[in-house]
Amino acid sequence: MSETTTITATTASDEPTDSTPILTIAGARAEIRLNRPRHLNRLLPDDLDALMRQFEQIEGDPALRVLVLTGTGRAFSAGFDLGKVAERAAAEAAQPSAGAAFEVVANRLEDLALPTICRLNGGVYGGSTDLALACDFRIGAEGCEMFMPAARLGLHYYKSGIRRYVSRLGVDNAKKLFLTAQKIDAREMLRIGYLTALVPMKRLDAEVDALATILAGNAPLAMAGMKRAINEFARDQLDEAAADQRAQDSMQSAEINEGIAAFKEKRAPRF
């Protein structure tokens with residue numbers, strides 16, 4: 001594994017401090033950690049800007065094969081700062097809404113070429129529920145919970161977020177979460193498919209590490225192409241010609257040659 005690189009805010013003391021998200025790179029794995037624990041990792045406009053830059057950096061590095069998104073402290077994230085939502089609502093109509101900025105980030109995360117895992121270390125609330133849904137996998141610790149308060153706030157959620165809820169959780173579950181604005185616990189999150197897996201907190205890192213290792217060991221171009229097709233199917237926007245071309249190209253790729261050779265030789269492939 002290569003040397004670990006961490007991009008973070010530093011202070012003169014060792015006390016944890018709120019900051020924009022922290023990006024850490026170790027070998028084939030990137031991790032982004034939301035880092036405002038004193039405010040349950042509530043997201044500010046600077047955080048959204050930082051996330052977009054980090055997504056670009058990660059996708060531009062061919063050595064990276066998997067991204068883990070998590071939070072510092074006892075919650076994953078309390079969503080977008082409500083004070084900023086109110087400021088945007090009171091501003092001129094021509095100003096882009098806070099929801100629009102958040103939507104761009106969630107959509108960019110969903111469209112990342114490499115596979116993504118959300119490590120839910122605690123509660124997930126408001127807009128951050130969609131940020132987690134934009135990841136390919138969500139592994140939660142026992143005791144986590146979720147809450148979508150839009151109906152209580154008088155907020156009509158942005159359309160791509162609603163679509164993600166419907167495509168991943170189904171119409172009935174999306175209606176329950178959006179229209180009742182009721183909090184649900186970890187077991188219910190697992191039952192409705194919001195969580196890929198639910199584990200005790202002491203096993204959370206091991207579960208995330210195991211899945212990240214599997215994903216990092218698979219063929220990156222094949223995974224990226226199939227992830228794109230799956231997302232397009234979910235949106236009912238499949239580019240059939242592009243999907244067909246990727247499938248044809250894969251049959252003559254270095255990846256399939258290595259995969260078949262590894263299978264014959266009974267060894268792990270080296271992509």
Is any side-chain heavy atom of [X] closer than 4.5 Å to a side-chain heavy atom of [Y]?
X	Y	value
Ile230	Asp136	no
Asp239	Arg228	yes
Ser250	Leu221	no
Leu215	Arg65	no
Gln245	Gln248	yes

Output yes when [X] and [Y] qualify as a salt bridge under the 4.0 Å nitrogen-oxygen rule, no when they do not.
X	Y	value
Lys176	Glu188	yes
Glu142	Arg203	no
Arg119	Asp205	yes

Legend entry - Residue among Arg164, Arg138, Arg163 satisfying salt bridge (Lys or Arg N to Asp or Glu O under 4.0 Å) with Asp130: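 One option only clears the test, and that one is Arg164.
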
For a quick test of reading the model, state the closest non-hydrogen atom pair linking [X] to [Y] and the distance between them.
X	Y	result
Pro149	Ala181	CA-CB, 4.2 Å
Ser77	Leu34	CB-CD1, 3.7 Å
Thr129	Tyr194	O-OH, 2.7 Å

Legend entry - Test ring pair (Phe, Tyr, Trp, His ring centres under 6.0 Å) applied to Phe178 and Phe147, Tyr158, Tyr165, the passing residue: Tyr165

Legend entry - Check: Glu31 side chain, Val68 main-chain N or O, donor-acceptor pair, under 3.5 Å: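 No: the side chain of Glu31 does not pair with the backbone of Val68.
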
Inset, instruction - Keeping the roles fixed (side chain from Glu207, backbone from Ala197), state whether a donor-acceptor pair exists under 3.5 Å. - result: no

Legend entry - Modelled atom types, side-chain donor and acceptor of Asn35 and Ser19, under 3.5 Å: yes

